[in-house]
Number of protein chains: 2
Amino acid sequence: MKEEIQLFRKTLNRLSNLSNDSFDKLYSILEFRSLKKKEFLIKEGEICRNLYFVNKGMVRTYLIQDGIEVTTWVALAGNFDTSAHSFFKGIPSLTNLQAITDCELIFISKNAYEQVLSTLPEGKDLALNILQEYYINLENMFYSCLSLPALERYNKLGELFPEHFKCVPQKYLASMIRVKEATMSRLRKKLSQPDTEEV
Amino acid sequence: MKEEIQLFRKTLNRLSNLSNDSFDKLYSILEFRSLKKKEFLIKEGEICRNLYFVNKGMVRTYLIQDGIEVTTWVALAGNFDTSAHSFFKGIPSLTNLQAITDCELIFISKNAYEQVLSTLPEGKDLALNILQEYYINLENMFYSCLSLPALERYNKLGELFPEHFKCVPQKYLASMIRVKEATMSRLRKKLSQPDTEEV
DNA sequence: GGTAAAAATTGATGTAGGTCAACAACATTT
DNA sequence: AAATGTTGTTGACCTACATCAATTTTTACC
């Protein structure tokens with residue numbers, strides 16, 4: 001198998017049992033794209049017409065509220081990514097998707113996606129499994145940013161998304177748990193210091 | 001058609017084109033349950049084995065963080081409801097689902113759900129559409145509670161979920177936008193007063 | 001390898017919304 | 001219709017985190 005497609009195939013295997021035949025069909029409609037760091041996949045207001053798979057690099061989702069960028073997610077290599085509301089409903093995206101490293105993406109258009117659903121026997125199961133997984137991810141992000149104090153949100157993020165914790169730059173992690181970079185830095189300092197005193 | 005099933009049928013029609021034949025098959029496996037106000041559908045730690053439809057009343061989802069109840073959603077009549085992570089993955093629920101009025105529920109078990117997916121021709125499309133809609137709802141809840149100040153979160157909730165705004169008690173709305181009841185009351189007061197002065 | 005840009009740290013100060021507590025307005029039960 | 005519980009309002013005070021700004025550290029680029 002072509003080398004650049006192995007991660008993709010592996011991910012699909014995790015999500016569903018795709019026959020070789022089906023995979024070959026799917027493969028024939030895949031498209032490819034590279035992004036330089038800081039380039040945009042989608043900007044707010046545009047309609048997101050593709051479902052992406054991050055083959056290399058990281059893509060962050062953020063929106064702007066009261067003039068401030070709020071990062072809501074970072075898609076790591078080996079995961080699907082899109083602006084869901086925009087892709088599924090064909091409405092303008094509320095969010096921006098931006099490469100935070102150089103990236104290699106695999107993607108299919110909405111049309112191709114619908115073709116996959118209607119022609120591949122495993123297509124709908126695959127889509128259901130992807131959606132389920134992403135729904136649960138979103139729940140986790142949501143639940144971990146509710147009413148906990150900043151330090152606990154920080155720890156929770158580490159628990160739930162250890163991979164992100166390792167590779168995503170601090171400033172984006174900070175934004176994901178809704179604290180400012182300065183506060184984030186203080187949290188880290190507090191955690192690294194061998195418990196001075198707490199009165 | 002039986003009266004008690006009309007809202008359910010109407011909702012399914014909105015989400016997918018279910019043939020009469022398929023609907024009859026589906027109907028034959030539906031189960032029914034009533035809940036008194038304050039009764040629980042699911043408690044944290046239990047495994048949620050059913051997919052519910054709220055036929056009458058309201059069910060709220062909440063979790064407890066640092067000893068405080070945080071309401072994350074209220075399912076109004078005419079909508080599906082479950083503890084998604086628990087139902088789909090068969091793991092203990094992080095959330096509690098509690099009736100906030102007397103309720104009438106229609107539900108199917110996980111087994112029945114899988115039967116629907118594999119036997120009804122429209123089953124998977126239906127499931128996909130439900131999941132899509134709920135994913136987008138969750139995104140909306142998530143995005144509207146990010147970094148906006150309390151007053152803007154309040155307004156946003158009103159925009160995005162006008163039905164909820166009308167029928168859900170203040171204390172739950174407050175919790176949904178992550179403010180305390182006291183603060184919520186002050187927000188409402190501020191909005192109702194004909195702009196005294198803002199310096 | 002030197003310079004510029006980006007990311008992270010630290011200090012001083014400010015404030016939105018939390019906390020606590022008392023009370024008022026409704027609802028529900030008997 | 002009295003009693004009890006639930007929900008919403010208001011006041012006085014407090015604190016976790018934001019803000020602003022200066023500096024250091026790290027990374028990226030001719």
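Numbered from 1 within each chain, the chains take letters A, B, ... in sequence-line order. Predicted model, so just to flag it, every value in this text is computed and none were measured.
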Ring pair (Phe, Tyr, Trp, His ring centres under 6.0 Å) partners for F165(B), two or more places apart:
Y154(B)

Indicate for each nucleotide in nucleotides 17-30 of chain C, in 5' to 3' sequence, whether protein heavy atoms under 4.0 Å reach the base (B), only the sugar-phosphate (S), or nothing (-).
SSB-----------

Using a 4.0 Å cut-off on heavy atoms, which residues in residues 97-104 of chain A reach DNA chain D? List them by number, or say none.
none

Could you pull out all residues at least two apart from K124(B) that satisfy salt bridge (Lys or Arg N to Asp or Glu O under 4.0 Å)?
D125(A)

Could you tell me which residues satisfy side chain to side chain contact (heavy atoms under 4.5 Å, CB included) with N129(B), sequence neighbours excluded, listed by chain and number?
L15(B), S16(B), Q132(B)

Residues which pass salt bridge (Lys or Arg N to Asp or Glu O under 4.0 Å) with E46(A), listed by chain and number, not counting sequence neighbours:
none

Taking 5' to 3' order, which nucleotide of DNA chain D is first and which is last to have an atom within less than 4.0 Å of a heavy atom in chain B?
dT6(D) to dA12(D)

Run through the side-chain heavy atoms of Ile, Leu, Val, Met, Phe, Trp and Tyr, join any pair under 4.5 Å, and report what else lands in I64(A)'s cluster.
F40(A), Y62(A)

With sequence neighbours left out, what residues match I47(A) under side chain to side chain contact (heavy atoms under 4.5 Å, CB included)?
R49(A), S86(A)

Verify, without hydrogens or angle tests, whether E122(B) (side chain) and S19(B) (backbone) share a donor-acceptor contact under 3.5 angstrom.
yes

K36(B): partners by salt bridge (Lys or Arg N to Asp or Glu O under 4.0 Å), with sequence neighbours left out:
D102(B)

How is the hydrophobic cluster of F107(A) composed, in terms of its other members, when Ile, Leu, Val, Met, Phe, Trp and Tyr link through side-chain heavy atoms under 4.5 Å apart, directly or indirectly?
L35(A), L41(A), I42(A), Y52(A), V54(A), V59(A), L97(A), L105(A)

Which atom pairs, donor and acceptor, lie under 3.5 Å between side-chain atoms of residues 136-151 of chain B and protein residues at least two apart or in another chain?
from    : atom 1 : to      : atom 2 : distance (Å)
E139(B) : OE1    : H85(A)  : ND1    : 2.9
S144(B) : OG     : N140(B) : O      : 2.8
S144(B) : OG     : M141(B) : O      : 3.1

